[in-house]
Amino acid sequence: LHEYHRSNECSLALYGVPDPVVFNNRGNVYGLGMGDWPRAIESFHRAALLSREYVFARANEALATYQLGKRAEGKRMMETLLRKYPDFPDLRAALVAVYWSEDGRQGDAETNWLTVLEQDSRYNDIKWVRSIRRWPPMLVTELNNFLSLREHGSTLH
């Protein structure tokens with residue numbers, strides 16, 4: 001957090017504006033690093049306000065909102081963003097997990113999953129989702145529940 005604070009100070013000194021990437025990364029530290037999801041959401045939200053087209057910050061805010069237990073709000077945010085950015089596989093993959101685990105919308109989950117695999121097959125690797133993309137734990141678990149179907153004879157590829 002200290003280094004991100006320094007980085008933001010440099011951005012302010014050099015460019016006169018805060019750096020949205022710094023706030024997004026601070027959100028990752030607060031959420032995944034410290035388990036402080038309310039502060040993570042604040043940081044992601046700040047990043048999104050600084051750059052309205054910074055889709056990762058907006059997606060991270062939605063995922064963190066879901067993690068915080070505000071499932072309906074987080075899902076609504078994901079769906080809204082996906083309508084605006086239909087080629088963003090992160091949101092679609094998250095909604096696969098939500099639809100399968102929470103809503104029982106298995107057909108919607110499977111249909112969206114086929115699109116996810118066409119867009120970015122890395123979401124098929126739960127280790128990548130957890131360690132590289134660094135989703136919140138609740139959504140990792142829910143996507144893993146969906147992916148485990150394939151290990152038990154599902155026809156999803």
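Treat the numbers as computed from the prediction; the structure is a model and nothing was measured.
Asn24 contributes no side-chain N or O that, together with a main-chain N or O of Pro20, makes up a donor-acceptor pair within less than 3.5 Å. Side-chain atoms of Ser148 come within 3.5 Å of backbone atoms of Asn145 as a donor-acceptor pair (strictly under, hydrogens ignored). No donor-acceptor distance shorter than 3.5 angstrom exists from the side chain of Ser121 to the backbone of Leu117, with no hydrogens or angles considered. The backbone N or O of Glu3 sits nowhere less than 3.5 Å from a side-chain atom of Ser7 that would complete a donor-acceptor pair. Remark: side-chain polar atoms of Asn112 are paired, donor with acceptor, to backbone N or O of Asp108 under 3.5 angstrom. Formation of a donor-acceptor pair under 3.5 Å by the Gln119 side chain with backbone atoms of Pro86 is found in this model.
Hydrophobic clustering, with ILVMFWY side chains joined whenever heavy atoms are under 4.5 angstrom apart, keeps Val22 apart from Tyr54. Hydrophobic clustering, with ILVMFWY side chains joined whenever heavy atoms are under 4.5 angstrom apart, keeps Leu68 apart from Phe23. In the hydrophobic clustering of ILVMFWY residues, with side-chain heavy atoms under 4.5 Å counting as a link, Val98 and Ile126 come out together. Each of Leu14 and Val21 belongs to its own hydrophobic cluster when Ile, Leu, Val, Met, Phe, Trp and Tyr are linked at side-chain heavy-atom distances under 4.5 angstrom. Tyr123 is connected to Met78 through a chain of hydrophobic side-chain contacts under 4.5 Å among Ile, Leu, Val, Met, Phe, Trp and Tyr, so both are in one cluster.
Test Tyr99, Tyr66, Trp100 against Glu142 for side-chain hydrogen bond (donor to acceptor under 3.5 Å, both in side chains) and you get one pass: Tyr66.
One distance of note links CG of Asp125 with CZ of Arg133; it measures 14.5 Å at 0.5 Å rounding. Here the CG atom belonging to Leu49 is positioned 4.0 Å from the NE2 atom belonging to His45, to the nearest 0.5 angstrom. Atom OG1 of Thr111 is separated from atom CD of Gln106 by 11.5 Å, given to the nearest 0.5 angstrom. Distance check: Asn60 CG to Ile41 CD1 gives 11.0 Å after rounding to the nearest 0.5 Å. Rounding to the nearest 0.5 angstrom, the gap separating the CG atom in Leu82 from the NZ atom in Lys75 is 13.0 Å. To the nearest 0.5 angstrom, Leu143 atom CG is 10.0 Å from Arg130 atom CZ.
Contact between Ala109 and Val96 at its shortest, heavy atoms only, is O-CG2, 3.5 Å. Annotation for Gly31 and Ala40: closest pair N-CB, 3.5 Å, computed over non-hydrogen atoms. Taking each heavy atom of Gln67 and Leu139 in turn, the nearest pair found is OE1-N, 4.4 Å. For the pair Pro18 and Leu12, the tightest heavy-atom approach, listed with the atom from each and the gap, is N-CD2, 3.4 Å. In terms of heavy-atom proximity, Phe44 sits nearest to Ala57 at CB-O, 3.6 Å. Residues Met138 and Arg71 approach most closely at SD-NH2, 3.1 Å, considering heavy atoms.
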Can you list the steps and then say if Leu32 with Trp37 is a side-chain contact (heavy atoms from CB on, under 4.5 Å)? CA-CA 8 Å; Leu32 291 168; Trp37 294 103; 3.9 Å; yes

Hey, mind stepping through Glu61 and Thr65 against side-chain contact (heavy atoms from CB on, under 4.5 Å) and telling me if it holds? CA-CA 6 Å; Glu61 181 181 1; Thr65 299; 4.2 Å; yes

Checking Asn28 against Arg134 for the side-chain contact (heavy atoms from CB on, under 4.5 Å) test, could you report, in this order, the C-alpha distance in whole Å, the side-chain angles of both residues, the deciding distance, and whether it holds? CA-CA 8 Å; Asn28 288 331; Arg134 302 185 58 84; 5.7 Å; no

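In this structure, a donor-acceptor pair under 3.5 Å is present between the side chains of Asp90 and Trp135. Glu53 and Tyr85 are linked by a side-chain donor-acceptor pair at a separation below 3.5 angstrom, with hydrogens and angles left out of the test. A donor and an acceptor atom, one from each side chain of Tyr4 and Asp19, are nowhere located under 3.5 Å apart.
Under a 4.0 Å N-O distance rule, the pair Arg122/Asp120 qualifies as a salt bridge.
When the side-chain hydrogen bond (donor to acceptor under 3.5 Å, both in side chains) test is applied to Arg46, no partner is found at least two apart in sequence or on another chain.
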